[in-house]
Asker: 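Pasting a structure here, questions to come.
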Amino acid sequence: MVQQKYLYLMSLPFVIWVVIFSYVPIWGWLMAFQNYKPRNGILDQEWVGFKHFIELFSDERFYLVLRNTLAMSTMGLIVSFTVPVIFALLLNELRQQFFKRTIQTIAYLPHFVSWVVVSGIVTKMLSTDGGAVNELLMSLNLIDQPIQFMAKGEWFWGIVTVADAWKETGWNTIIFLAAMSGIDPELYEASTVDGAGRFRKMWHITLPGIRTTFMVLFILSIGHLISIGFEKQFLLMNPLVIDYAEVLDLYALNYGINLSRYSYGTAIGIFNSVVSIILVFLANFIYKKVTKESVI
């Protein structure tokens, strides 16, 4: 600590931030075991034990919402890793630096666009009244009349996944490109001498070279399978698709906070946190068994 005191000092503000915003709020978990009323102090509440958890696991709506959450998060997890890795591989093969940087910049831009704007763009493109997608399909004679994409619940998961991929693919490639830049160039030179083509180099050199980075990000992302947020779903959903769009965070908002059932909402939050921790350790355990390496 004495030798690296400056590094510890540099990290101190971030440690304080994590303690304040990630550990101090855990004190509020006591509400899940109470009938919390804001007019009383947190220790002056009626204690009810596991009443809210029993109510949560007895609610059929909870399992419907859990299904939606797992479905959209799993689809998003698969797409958010496969597409950025493929895109990063293709960018890494570009030799014209100006063209490469231009493509990177264009791909990064959607990340900085608010989900409010993105949801408006998606809704307009899929609209039956002059929507670009319907107009294209009709011009190709693939359909006879516009399709109401936003009214079909079974399509909602795919729409959210594609919209999220468009928005975040460019941003997610940054860390993979950084990992690729750390691969020894002599490996590529040796493979060229051995007659390997571009695809062979990608398969046998580039992908193994970023495996550790990929697995670290993948395992950490598995921990967010349950806590995927609610912005995309909240902005894109409508009453016709609510049974496919509502996720756990929206469930906590609608049936917890909006109804002043703070204890019930806290119970949902604890469920999210516990499941996320279990998923991270389970994924790391499997990875350690298979590769003899550990991320945590």
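The structure displayed is predicted, hence computed values, not measured ones.
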Asker: Can any side-chain N or O of Ser11 pair as donor or acceptor with the backbone N or O of Tyr8 at less than 3.5 Å?
Answerer: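 Confirmed, Ser11 side chain pairs with Tyr8 backbone.
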Asker: Side chain of Tyr63, backbone of Phe57: donor and acceptor closer than 3.5 Å?
Answerer: yes
Asker: Can you check whether Gly153's main-chain N or O pairs, donor with acceptor, with Asp243's side chain at less than 3.5 Å?
Answerer: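 Not confirmed, Asp243 side chain does not pair with Gly153 backbone.
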Asker: Do Leu89 and Met180 have side chains that get closer than 4.5 Å, going by heavy atoms?
Answerer: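 They are in side-chain contact.
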Asker: Heavy-atom count around Arg39 CZ within 6.0 Å, excluding the residue itself: above 12?
Answerer: no
Asker: May I ask you to check whether Trp155 and Phe149 place their ring centers less than 6.0 Å from one another?
Answerer: yes
Asker: Is a donor on one side and an acceptor on the other found under 3.5 Å between the side chain of Thr82 and the backbone of Ile78?
Answerer: yes
Asker: Does Met75 offer a backbone N or O that forms a donor-acceptor pair with the side chain of Thr161 under 3.5 Å?
Answerer: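 Judged by distance alone, no pair lies under 3.5 Å.
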Asker: Does Phe176 have its ring centroid less than 6.0 Å away from the ring centroid of Phe87?
Answerer: no
Asker: Answer yes or no: does atom CG of Leu66 have more than 12 heavy-atom neighbours from other residues, nucleotides or ligands under 6.0 Å?
Answerer: yes
Asker: May I ask you to decide if Ile42's main-chain N or O and Gln34's side chain share a donor-acceptor pair within less than 3.5 Å?
Answerer: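 Flag set: sc Gln34 to bb Ile42 pair under 3.5 Å.
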Asker: Within this structure, what is the CZ-NZ distance for the pair Phe281 and Lys288, rounded to the nearest 0.5 Å?
Answerer: 11.5 Å
Asker: Between CD1 of Ile183 and CD1 of Ile210, what distance do you get to the nearest 0.5 Å?
Answerer: 7.0 Å
Asker: For Gln45 and Asn35, run side-chain contact (heavy atoms from CB on, under 4.5 Å): C-alpha distance rounded to whole Å, both residues' side-chain angles, the deciding distance at 0.1 Å, then the answer.
Answerer: CA-CA 7 Å; Gln45 305 288 336; Asn35 274 332; over 6 Å; no
Asker: Shared ILVMFWY cluster between Val118 and Ile106, side chains joined below 4.5 angstrom?
Answerer: no
Asker: When you group the ILVMFWY residues by side-chain heavy-atom contacts below 4.5 Å and let the links chain together, are Val116 and Val160 in the same group?
Answerer: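 Linked, Val160 and Val116 end up in one cluster.
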Asker: Within a reach of under 6.0 Å around CZ of Arg61, are more than 12 heavy atoms found that belong to other residues, nucleotides or ligands?
Answerer: yes
Asker: Indicate yes or no for a side-chain donor-acceptor contact from Asn134 to the backbone of Ile147 under 3.5 Å, with no hydrogens or angles considered.
Answerer: yes
Asker: Decide yes or no on side-chain contact (heavy atoms from CB on, under 4.5 Å) for Glu46 and Val48, but give the supporting numbers first.
Answerer: CA-CA 6 Å; Glu46 177 190 357; Val48 295; 4.1 Å; yes
Asker: Do Trp203 and Phe199 have their ring centres less than 6.0 Å from each other?
Answerer: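 Aromatic pair excluded; centres sit 6.0 Å or further apart.
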Asker: With side chain to side chain donor-acceptor pair (under 3.5 Å) as the criterion, how do Asp59 and Tyr251 come out once you've worked through the C-alpha distance, each side chain's angles and the decisive distance to 0.1 Å?
Answerer: CA-CA 11 Å; Asp59 186 5; Tyr251 179 74; 2.4 Å; yes
Asker: Can you list the steps and then say if Tyr188 with Thr206 is a side chain to side chain donor-acceptor pair (under 3.5 Å)?
Answerer: CA-CA 9 Å; Tyr188 293 104; Thr206 308; 2.7 Å; yes
Asker: Taking everything shown except Lys289 itself, do over 12 heavy atoms lie less than 6.0 Å from its NZ?
Answerer: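 Not more than 12 within 6.0 Å, no.
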Asker: Does CH2 belonging to Trp47 count more than 12 external heavy atoms closer than 6.0 Å?
Answerer: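 Count over threshold, so yes.
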Asker: Inspect the surroundings of CD in Gln97 and state if more than 12 heavy atoms from other residues, nucleotides or ligands are less than 6.0 Å away.
Answerer: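 Enclosed: over 12 neighbouring heavy atoms sit under 6.0 Å from CD of Gln97.
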Asker: If you round to the nearest 0.5 Å, how far is OG of Ser119 from CE of Met150?
Answerer: 8.5 Å
Asker: Roughly how far apart are Leu91 CG and Ile86 CD1, rounded to 0.5 Å?
Answerer: 12.0 Å
Asker: Would the distance check show the side chain of Thr69 and the main-chain N or O of Leu248 forming a donor-acceptor pair, the cut-off being under 3.5 Å?
Answerer: yes
Asker: In this structure, would Leu64 and Val241 fall into the same cluster of hydrophobic residues linked by side-chain contacts under 4.5 Å?
Answerer: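 Shared cluster, no.
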Asker: Between Glu246 and Asn68, is a side chain to side chain donor-acceptor pair (under 3.5 Å) present by the stated rule, with each step listed?
Answerer: CA-CA 7 Å; Glu246 193 173 26; Asn68 296 339; over 6 Å; no
Asker: Is any side-chain heavy atom of Thr173 closer than 4.5 Å to one of Val85?
Answerer: no
Asker: For the side chain of Asp184 and the backbone of Glu186, is there at least one donor-acceptor N/O pair under 3.5 Å apart?
Answerer: yes
Asker: What distance separates His224 NE2 from Leu220 CG, expressed to the nearest 0.5 Å?
Answerer: 7.0 Å
Asker: side-chain contact (heavy atoms from CB on, under 4.5 Å), that's the test. Do Thr266 and His52 meet it? Break it down for me.
Answerer: CA-CA 9 Å; Thr266 304; His52 299 294; over 6 Å; no
Asker: Do Ser263 and Lys51 have a side chain donor and acceptor closer than 3.5 Å?
Answerer: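 Looking only at side-chain atoms, Lys51 and Ser263 do not form any donor-acceptor pair under 3.5 Å.
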Asker: Do any N or O atoms from the side chain of Asn254 and from the backbone of Leu250 form a donor-acceptor pair under 3.5 angstrom?
Answerer: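 Checking the backbone N and O of Leu250 against the side chain of Asn254, a donor-acceptor pair under 3.5 Å is found.
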Asker: Centroid separation under 6.0 Å, is that true for the rings of Tyr264 and Tyr36?
Answerer: no
Asker: Would you say Ser191 and Arg200 make side-chain contact, with heavy atoms under 4.5 Å?
Answerer: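 Of all side-chain heavy-atom pairs linking Arg200 with Ser191, none is under 4.5 Å.
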Asker: Classify the angle between the aromatic ring planes of Trp171 and His111 as parallel (below 30°), tilted (30 to 60°) or perpendicular (above 60°).
Answerer: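 Taking His111 first and then Trp171, their aromatic rings lie parallel (interplane angle under 30°).
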Asker: Before you tell me yes or no, could you show the steps for Val247 and Phe234 under side-chain contact (heavy atoms from CB on, under 4.5 Å), namely the whole-Å CA-CA distance, both residues' side-chain angles and the distance that decides it to 0.1 Å?
Answerer: CA-CA 9 Å; Val247 292; Phe234 180 76; over 6 Å; no
Asker: Out of curiosity, does Ile205 fall in the hydrophobic cluster containing Leu90 (side-chain heavy atoms, cut-off under 4.5 Å, transitive links)?
Answerer: no
Asker: May I ask you to test the Asp249-Asn272 pair for a side-chain heavy-atom distance under 4.5 Å?
Answerer: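 Yes. Closest side-chain heavy atoms under 4.5 Å.
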Asker: Can you confirm whether or not the ring centre of Phe218 sits under 6.0 Å from the ring centre of Tyr287?
Answerer: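 Between Tyr287 and Phe218, which both carry aromatic rings, the centre distance is not below 6.0 Å.
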Asker: How about CG on Asp194, more than 12 heavy atoms from neighbouring residues, nucleotides or ligands closer than 6.0 Å, or not?
Answerer: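 Yes, because the 6.0 Å sphere around CG of Asp194 holds more than 12 heavy atoms from other groups.
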Asker: Leu12 versus Ile16: any side-chain heavy-atom pair under 4.5 Å?
Answerer: yes
Asker: Do Phe99 and Ile174 sit in one hydrophobic cluster, given that two such residues count as connected whenever their side-chain heavy atoms are within less than 4.5 Å of each other, even indirectly?
Answerer: yes
Asker: Any ion pair linking Glu93 and Lys100 (charged N to carboxylate O, less than 4.0 Å)?
Answerer: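 Between Glu93 and Lys100 there is no salt bridge, as every charged N stays at least 4.0 Å from the carboxylate O atoms.
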Asker: With a distance cut-off below 6.0 Å to the six-membered ring centre and an angular limit of 45° from the axis, does Arg67 pair with Tyr244 as a cation-pi contact?
Answerer: yes
